[in-house]
Amino acid sequence: MYPSLKGKVVAVTGASSGLGKAIAQRFAAEGAKVVVNYLTEDDKPDLVIEEIKANGGEASKIQGDVSQEHDVKRIVQFAVETYGTLDVMVNNAGIQAEIPTEELTLESWNKVIQTNLTGAFLGSREAVRHMLDHNIKGSIINMSSVHQQIPWPHFAHYAASKGGIKLLTETLALEYASSGIRVNNIAPGAIDTPINAEKFADPEAKKDVVDLIPMGYIGKPEEIAACVVWLASSEASYVTGITLYADGGMTKYPSFQAGKG
Ligand code: NAI
C-alpha cells in the first residue's frame with residue numbers, strides 16, 4: 001500500500017475493462033478518487049464503479065473518446081469539477097488489429113495511431129496544463145507495450161504507436177522535470193485481458209505466446225496495476241522518463257533461455 005496516494009485524484013482512460021479496470025480498482029483501494037473513462041456504455045463502466053464503491057472506494061465515470069481533443073479536455077475538466085483537481089493521469093486506452101501491412105488502409109492506420117499515440121499526447125498535454133496552472137507535482141503514466149521495442153509483423157500501426165509513446169514519454173519527462181511533473185511509461189508483455197481474449201481462447205495460439213515468456217505464464221492485470229501505483233506514488237519520487245517493462249522477461253531474448261545460443 002502507498003499512503004501517498006490517499007486522497008489523490010486519478011484519471012484512467014479506457015478503464016472499463018482489462019488493465020484500465022485493474023488500475024482503477026487498485027488506485028481506489030489505495031484511497032485515491034478515481035475517474036473512470038470509458039468509450040461506450042457497452043463497456044459497462046457502471047460495473048467498475050459499483051465494484052469500487054462496494055469495496056469502500058470512490059469513483060466516477062465519464063464517457064470520452066481519447067482520440068478526440070474535445071473529449072480529452074472534458075475528461076480532465078470532469079476530474080477537476082468532480083474532485084477538485086487532477087494529480088495522476090493514466091493514458092491507458094488502446095486498440096490493436098492484426099492486418100498485414102500491404103492490406104493496411106490509411107483509415108485503419110490512423111485509427112490505431114489516433115487512439116494509442118494521439119490519445120496519450122492529448123491526455124498528457126491536458127494533464128500537464130492543469131498541473132502547471134496549479135503548481136501540482138503530478139504524475140503521468142502512459143501504457144505502452146513490449147512492442148515499443150519488439151517489431152511485430154501484421155501490427156505495424158500498433159508497434160509504431162507504441163514506439164511513439166516511448167519517445168513522447170521521454171520527451172515530456174525531460175520537458176517538465178523542472179516543474180516536478182514525472183512522466184513514465186509501462187511496457188506490458190502478454191496480459192490476460194479482453195484485447196487478447198480471442199487469441200488466448202485457442203490453446204495452441206496461447207501456448208505460442210507462453211513459449212515467448214521466460215517466466216512461463218501470461219501476466220495478470222493486477223501485476224500491471226501494481227507497477228502503475230508504484231510509479232504514481234511518492235516511493236517513485238525520483239523516477240521519471242523510464243519504461244518499466246512488466247513482461248515476464250519477454251524482451252530478454254527468450255530464445256536464448258536455458259543456455260541456448
Ligand atoms: P482492453 O481491450 O481490455 O482495454 C482497452 C480499453 O480501451 C477498452 O476499455 C476500450 O473500450 C478502451 N478504448 C478503446 N478505444 C478507446 C478510445 N478511443 N477512447 C477511450 N477508450 C478507448 O485491453 P487492455 O489489454 O486492457 O489494453 C489496455 C492498454 O494496454 C492498451 O493501450 C494496450 O495496447 C496495452 N497493452 C496491453 C497488453 C496486453 O497483453 N493486454 C500488452 C501490452 C500493452
Side-chain angles (χ1 to χ4, degrees), residues 1-15 19-37 57-60 62 66 72-73 75-80 82-94 117 119-145 148 165-188 221-246:
M1 298 296 280
Y2 299 102
S4 64
L5 294 177
K6 197 168 167 48
K8 292 280 191 258
V9 179
V10 180
V12 184
T13 65
L19 301 186
K21 179 178 173 183
I23 293 163
Q25 287 172 326
R26 177 67 194 266
F27 271 114
E30 296 283 347
K33 298 164 190 167
V34 185
V35 170
V36 170
N37 158 249
E58 202 166 341
S60 304
I62 176 149
V66 298
V72 179
K73 283 175 184 266
I75 294 167
V76 172
Q77 270 165 15
F78 176 80
V80 175
T82 309
Y83 295 124
T85 189
L86 180 71
D87 300 295
V88 179
M89 181 79 195
V90 183
N91 295 306
N92 165 76
L117 180 55
F121 155 65
L122 290 171
S124 300
R125 190 195 64 189
E126 289 309 305
V128 160
R129 283 178 173 169
H130 175 78
M131 290 168 187
L132 289 177
D133 283 353
H134 297 86
N135 197 22
I136 294 166
K137 300 198 181 325
S139 167
I140 297 170
I141 295 161
N142 294 323
M143 196 57 69
S144 180
S145 160
Q148 70 172 34
I165 286 179
K166 173 181 184 285
L167 267 172
L168 172 70
T169 301
E170 291 173 4
T171 299
L172 298 185
L174 194 54
E175 201 165 337
Y176 297 107
S178 61
S179 303
I181 300 170
R182 297 183 299 109
V183 189
N184 289 295
N185 199 26
I186 295 190
E222 295 73 24
E223 293 179 291
I224 304 303
C227 299
V228 178
V229 287
W230 174 72
L231 274 176
S233 79
S234 61
E235 294 294 301
S237 56
Y238 206 48
V239 178
T240 196
I242 69 157
T243 291
L244 199 171
Y245 283 91

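Treat the numbers as computed from the prediction; the structure is a model and nothing was measured.
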For Thr85, side-chain contact (heavy atoms from CB on, under 4.5 Å) partners two or more places apart: Val9, Asp87, His130, Ile136
Qualifying salt bridge (charged side-chain N to carboxylate O under 4.0 Å, His left out) pairs, either residue in residues 177-186, two or more places apart: none
Qualifying salt bridge (charged side-chain N to carboxylate O under 4.0 Å, His left out) pairs with a residue from residues 133-143, counting only residues at least two apart or across chains: none
Test side-chain contact (heavy atoms from CB on, under 4.5 Å) applied to Glu222 - qualifying residues, sequence neighbours left out: Lys220
Thr169 side chain near Thr243 side chain, heavy-atom distance below 4.5 Å: no
Partners passing side chain to side chain donor-acceptor pair (under 3.5 Å) against Ser234 (at least two apart in sequence or in another chain): Ser4
Result block: side-chain N/O donor-acceptor pairs under 3.5 angstrom for residues 21-31, not counting sequence neighbours:
from, atom 1, to, atom 2, distance (Å)
Gln25, NE2, Glu51, OE1, 2.6
Arg26, NE, Glu30, OE2, 3.0
Arg26, NH2, Glu30, OE2, 2.9
Glu30, OE1, Tyr2, N, 2.6

All side chain to side chain donor-acceptor pair (under 3.5 Å) counterparts of Lys166, not counting sequence neighbours: Glu170
Test item: Ile165 and Leu117 side chains (from C-beta on) under 4.5 Å apart, heavy atoms: yes
Interatomic distance, Ser124 atom OG to Ile140 atom CD1 [nearest 0.5 angstrom]: 5.0 Å
Any residue meeting side chain to side chain donor-acceptor pair (under 3.5 Å) with Ser139, in chain and number order, not counting sequence neighbours: none
Minimum heavy-atom distance Gly14-Asn92, with the two atoms named: O-ND2, 3.2 Å
Close side-chain approach of Leu244 and Asn184, heavy atoms under 4.5 Å: no
Spacing of Asn142 atom CG and Leu172 atom CG [to the nearest 0.5 Å]: 7.5 Å
Euclidean distance, Gln77 CD relative to Thr82 OG1, rounded to 0.5 Å: 10.5 Å
Met131 side chain reached by Tyr176 side chain, heavy atoms, under 4.5 Å: no
Ser145: partners by side chain to side chain donor-acceptor pair (under 3.5 Å), with sequence neighbours left out: none
Results of side-chain contact (heavy atoms from CB on, under 4.5 Å) for Asn37 - residues two or more places apart only: Thr13, Val66, Ile75
Identify each donor-acceptor pair in which a side-chain atom of residues 224-232 lies under 3.5 Å from a protein atom, sequence neighbours left out, and give them as a table.
none

Straight-line distance of Asn91 CG to Ser144 OG, nearest 0.5 Å: 12.0 Å
Side chain proximity check, Asn185 to Gln148, heavy atoms < 4.5 angstrom: yes
Any residue meeting side-chain contact (heavy atoms from CB on, under 4.5 Å) with Glu126, in chain and number order, not counting sequence neighbours: Val72, Lys73, Val76, Arg129
